[in-house]
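First comes the structure, then the notes that go with it.
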Amino acid sequence: MFSMIHGRKLILAAGIIALVAAPAVFATDAKAAKADKVERLPLPDGNDFPISSAVTVKAGVDTYFLSGALAPVINKDAPKGSAAAFGDTETQTVGALNAIKGTLGRLGLTMGDVVKMTIFLVGDPAKDNKMDFAGMMAGYKQFFGTAEQPNKPSRSAVQVAALAAPGALVEIEVIAAKSH
């Protein structure tokens, strides 16, 4: 009888220890699972270009679709609707990405949560009406693939005939995802 009571006490003690230790184990597992819910596939062959070739967003993740963002007018003295009012492609890229950063912040997100980006570029009149890809990349690299923010979204950049705002050279839309 004594050994049966002693055995029950041991089982009860083991159960209590398991219950006490379980939250810490499950919290660690939950953190690991959360981190794996957005997977970014790097470009092949060690290419360090600051985009991902693909991003997988798994179940249990909230997805946010942000409307296209334009840069703010930076030169109010320039003719309305001119590229000079908004700045060059690099300046507009930084302005549009800062606008996106602000929207993400209001949602409790960061630029590191961006998983997909589409960049629309108008041909720059100062560059023979060709899109200024180098100027866009100079602005883009300030936000993605940096030491402070290493996450890289999948991304497309295309030249378009015009944007809704006359004088705008850059419009950027993003999709962001974050585990809940």
Side-chain angles (χ1 to χ4, degrees), residues 23-74 83 86-124 126-127 130-160 163 165 168-180:
V25 170
F26 289 129
T28 302
D29 288 346
K31 285 180 186 175
K34 226 177 186 185
D36 294 334
K37 291 193 178 217
V38 175
E39 294 178 4
R40 297 165 195 271
L41 182 67
L43 294 172
D45 303 323
N47 187 331
D48 66 349
F49 197 71
I51 65 171
S52 293
S53 60
V55 178
T56 302
V57 178
K58 297 181 180 180
V61 174
D62 292 327
T63 306
Y64 303 82
F65 299 84
L66 276 65
S67 296
L70 299 170
V73 171
I74 60 163
F86 293 99
D88 63 10
T89 300
E90 179 180 353
T91 302
Q92 289 193 37
T93 300
V94 170
L97 289 172
N98 275 323
I100 289 167
K101 186 176 181 178
T103 300
L104 290 170
R106 290 191 304 277
L107 294 167
L109 305 169
T110 69
M111 295 299 261
D113 296 314
V114 174
V115 295
K116 173 68 173 111
M117 177 182 294
T118 306
I119 302 176
F120 303 96
L121 299 166
V122 172
D124 186 342
K127 299 201 178 283
K130 292 185 171 71
M131 70 176 181
D132 181 9
F133 189 80
M136 180 276 296
M137 283 302 297
Y140 173 89
K141 287 181 181 180
Q142 296 176 37
F143 295 84
F144 297 96
T146 66
E148 301 81 39
Q149 200 297 97
N151 290 345
K152 302 171 189 175
S154 63
R155 190 195 76 201
S156 300
V158 296
Q159 181 169 338
V160 295
L163 296 170
L169 300 174
V170 178
E171 183 171 350
I172 303 173
E173 65 181 25
V174 301
I175 300 171
K178 188 169 186 171
S179 297
H180 53 256

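Computed over heavy atoms, backbone and side chain alike; hydrogens, waters and symmetry mates excluded.
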Can you see which heavy atom on Ala69 is nearest to which on Ala99, and at what distance?
CB-CB, 4.2 Å
Does Arg155 qualify as a cation-pi partner of Phe144, given the criterion of NZ or CZ under 6.0 Å from the six-membered ring centre and within 45 degrees of its axis?
no
Could you check whether any side-chain heavy atom of Leu104 comes within less than 4.5 Å of a side-chain heavy atom of Asp113, counting everything from C-beta outward?
no
Do the side chain of Tyr64 and the main chain of Lys178 share a donor and acceptor less than 3.5 angstrom apart?
no
Tightest non-hydrogen contact, residues Arg40 and Gly112, listed as NH2-O, 2.8 Å
Would you say Ser53's side chain and Leu41's backbone share a donor-acceptor pair under 3.5 angstrom?
yes
Stepwise side-chain contact (heavy atoms from CB on, under 4.5 Å) test for Val114 and Asn151
CA-CA 8 Å; Val114 174; Asn151 290 345; over 6 Å; no
Applying side-chain contact (heavy atoms from CB on, under 4.5 Å), run through Lys101 and Asn98 and close with a yes or a no.
CA-CA 5 Å; Lys101 186 176 181 178; Asn98 275 323; 4.2 Å; yes
Treating Ser154 as the side-chain partner and Val115 as the backbone partner, does any N or O pair qualify as donor plus acceptor under 3.5 Å?
yes
Mark yes or no for whether Thr146, through its side chain, and Gln142, through its backbone, hold a donor-acceptor pair below 3.5 Å.
no
Measuring from atom CG of Leu169 to atom OG1 of Thr89, what distance do you get when rounded to the nearest 0.5 angstrom?
4.5 Å
Residues Leu97, Met117; criterion side-chain contact (heavy atoms from CB on, under 4.5 Å); working and verdict
CA-CA 11 Å; Leu97 289 172; Met117 177 182 294; 3.9 Å; yes
Derivation of the side-chain contact (heavy atoms from CB on, under 4.5 Å) call for Phe120 and Ile172
CA-CA 6 Å; Phe120 303 96; Ile172 303 173; over 6 Å; no
When rounded to the nearest 0.5 angstrom, what is the spacing between CE in Met136 and CD1 in Ile119?
4.0 Å
Counting C-beta onward and ignoring hydrogens, is there a side-chain heavy-atom pair between Ile74 and Phe86 closer than 4.5 Å?
no
Is the closest side-chain heavy-atom distance between Ser156 and Lys116 below 4.5 Å?
yes
Minimum side-chain heavy-atom gap Asp132-Asp88 below 4.5 Å:
no
Are the side chain of Gln159 and the backbone N or O of Leu121 linked by a donor-acceptor pair below 3.5 Å?
no
Is the side chain of Glu173 donor-acceptor paired with the backbone N or O of Ile175 at a distance under 3.5 Å, no angle test?
no
For the student: nearest non-hydrogen atoms of Gly87 and Gln92, plus distance
O-NE2, 2.8 Å
Is there side-chain contact between Met131 and Val160, with heavy atoms separated by less than 4.5 Å?
no
Shortest non-hydrogen contact between Val61 and Ser179, atoms and distance
CG2-OG, 3.9 Å
Closest non-hydrogen atoms of Leu109 and Ala176, given as atom of the first, atom of the second and distance, are CD1-CB, 4.1 Å
Does Asn47 use its side chain to pair, donor to acceptor, with the backbone of Pro44 at less than 3.5 Å?
no
Check whether any side-chain heavy atom of Met111 sits under 4.5 Å from a side-chain heavy atom of Pro153, and report yes or no.
no
Measure the spacing between OG1 of Thr93 and CZ of Phe143 and express it to the nearest 0.5 Å.
9.0 Å
Closest heavy-atom pair and its distance - Ala168, Leu163:
O-CD1, 3.7 Å
